[in-house]
2 protein chains.
Amino acid sequence: MNIGEIARRAGVSRSTVSYALSGKRTVSEATRQRIQAVIDELGYRPNATARALREGRNRTLGLVIPPARGRLTFMQLEFVASVTEAADRADLDVLLSSSGGDHDRSFERIVDGRRVDGVILMEIRLDDPRVRRLKALGLPFVTIGRTARPQGMCWIDVDFATLVGRCVNHLADLGHRHIALINRSTELVASGYGPAHRAREGFADAVARHGIDGMEFCCADDASAGETCVQEILRAHPEVTAVTTVNEAALPGVQRALEDAGLNIPARFSIAGVAARFWAEQFRPQLTAADLPAVDMGATAVDFLVERIAEPDGPPRQHLFVPPISLRNSTGPAPAAR
Amino acid sequence: MNIGEIARRAGVSRSTVSYALSGKRTVSEATRQRIQAVIDELGYRPNATARALREGRNRTLGLVIPPARGRLTFMQLEFVASVTEAADRADLDVLLSSSGGDHDRSFERIVDGRRVDGVILMEIRLDDPRVRRLKALGLPFVTIGRTARPQGMCWIDVDFATLVGRCVNHLADLGHRHIALINRSTELVASGYGPAHRAREGFADAVARHGIDGMEFCCADDASAGETCVQEILRAHPEVTAVTTVNEAALPGVQRALEDAGLNIPARFSIAGVAARFWAEQFRPQLTAADLPAVDMGATAVDFLVERIAEPDGPPRQHLFVPPISLRNSTGPAPAAR
DNA sequence: TTGTATGCGTTATCAT
DNA sequence: ATGATAACGCATACAA
């Protein structure tokens, strides 16, 4: 069923049907109703593909997620859901692409074929080839996370440096003098993953500012790595009384290792970090942490992208999220000794 | 950059360029190379929208997910990721639609506008209006879960009845005589949600078969509901020594309540169920459970859909997943008394 | 208030 | 081995 058939049956021209539908020029009430009757009867709906071809836009945005083999984090998954809902509110569809590393076929398909009007790029690297690609194509995009040179680009990010710094402040104020950072994986750091780098920097700065002892550990994004990591910390650095972390997926293992070591939280050991609320509340006792604002971030990313699509040469918008640290029960005064 | 421009610069017709690219008719090596050179130089890529209009298909499938306000479960999220990857392997894109209940705008957009060649429908109800819609449109689709009348349709599902039955068998074999089922929420049951209904049936059958005492409790999909639910069970039915559940999101609360009641697992209380592996492993001690095979399910759903798109009138394929129950450490012999 | 004609970028049919 | 041309379904500039 197409617009021509509707026109024929209603005894009008195609343009009249089109205008009756779009309202972009006046159509007499009589013909409008006749047309509508035919449309209702035949259940006609305009073909979105033809419209996209004609209009030169798809009313669709691309969402590039990391390949699932590296297991999506809870935070990422919440973000995907919130982007989908925000897009829906703007009457936009979302074309999903799982890409990253060498697995970029779907990214190419979506971008090369101009299937989308703009792209939201998750899990950006400090130097990201996909960003260069999008720039070269002149396709509007928003990144989640910043590249090394984010000037002139549209992005949103979480201020991991500041947040980790605040965690250190908090722990130092409680008297802790030997603090460990449990960062993301070595591979992630090596590949230039911003959050890991900025967590490191924020940690180093804060530790230096307080003149206390800080050490960093990389840790894969899973529970058993977290367990091993804490065991290693306790073994090699018995003086450590507190940990700060940006690795939410490691938390269950962190908890286990501390329990097994008989270290009561927060009486004998403190921990604070940055994590999705889900993980913070899952921790026992609940974790003092900056909750990652996934829903806000998704909505903001869509807002920025929609704005940029409408006005590609407008000023690039950027937002650094600094969510408050929720004081829960995992931090307390440093114990006299361990 | 379009195919006409390439043709002009290569000094050939548009059809020659098209054929050179598709290989659907022979093109002399000389012109092929000349064309390729121009393409490489100008970075030409065919416009997917125009191709879709011409070919009458989009090489895209729709994935309808439940609205995120009800928080996507891990299982659902894993499924989304696996569908995306399976689609990518088949060179298909995935258009995401979050719909369900009254929030069906994006479903309409995708389906009415013929933006997709087929649809994967998650979280099906026993009587689902979207299924009727897709049938009426003649759009190929695969459902995750079955409707009440699944004959003639393409679907995959998890055999909750059998799995819950097996959990009961296992617990009965261990000597438990008073077993509770922690099902999904009252609302979900009321709305005709298949897994909840079939868990109930499987439970009732198994309990009757063993001639033991079984009782069912509905429980919202979150930790605190799980906690309340277990407290209620322990209070009202102190004779209960084991629980089986299909409510993974309630597990953290279940655990908390049992801990608070001082009921050691599995010495004084046993629990077995159906859950994503993530949740089973998160439980302490690790949960004896049938792990939901999200990745297999995603791949299978895509396979079925691709097949159906290619051959809309072929026999509808169906698969009932009965994943093995992984024996972990949450079940043991019934205690003498409680 | 309505109709006619054109083009969006492809692919495929027919012709050479 | 290659070219000209007609669709695909829609929106809109131009006419009337």
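Letters go in sequence order (proteins before strands), and every chain restarts at 1.
- Sorted by residue number, the members of residues 24-52 of chain B with any non-hydrogen atom under 4.0 Å from DNA chain C read B:K24, B:R25, B:Y44, B:R45, B:P46, B:N47, B:A50, B:R51.
- Residue B:T16 has a polar side-chain atom (N or O) positioned under 4.0 Å from OP1 or OP2 of D:dG3.
- The interatomic distance linking B:R14 (CZ) with D:dT5 (P) rounds to 10 Å, in whole Å.
- Salt bridge absent: B:D104 and B:R130 never bring a charged side-chain N and a carboxylate O closer than 4.0 Å.
- Evaluation of atom-type donor-acceptor distances gives a pair under 3.5 Å for the side chain of B:R54 against the base of D:dA7.
- As rounded to whole Å, 13 Å separates atom C1' of D:dG9 from atom CG of A:L21.
- The nucleotide range of DNA chain C contacted by chain A, defined by atoms under 4.0 angstrom from heavy atoms of the protein and reported 5' to 3', is C:dT1 to C:dG9.
- Using a 3.5 Å distance cut-off with no hydrogens or angles, the side chains of A:E187 and A:Y193 do not pair a donor with an acceptor.
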message: One pair to check against side-chain contact (heavy atoms from CB on, under 4.5 Å): A:E5 and A:N2. What are the steps and the verdict?
response: CA-CA 6 Å; A:E5 182 65 15; A:N2 60 40; 3.7 Å; yes
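- Between A:S15 and A:S18, the side chains place no donor N or O within less than 3.5 Å of an acceptor N or O (distance only, hydrogens not considered).
- The salt bridge (Lys or Arg N to Asp or Glu O under 4.0 Å) test applied to B:E307 returns B:R317, not counting sequence neighbours.
- A:G113 comes within contact range of no nucleotide atom at all, as no heavy-atom separation falls under 4.0 Å.
- In the model, A:N58 has a side-chain atom that pairs as donor or acceptor with a side-chain atom of B:T49 under 3.5 Å.
- A salt bridge is absent between A:D117 and A:R57; no separation between the charged side-chain nitrogens and carboxylate oxygens falls under 4.0 Å.
- We find that CG of B:N58 is positioned 12 Å from C1' of D:dC8, with the value rounded to whole Å.
- For the pair A:R133 and A:E108, the salt-bridge criterion is met [side-chain N within less than 4.0 Å of a carboxylate O].
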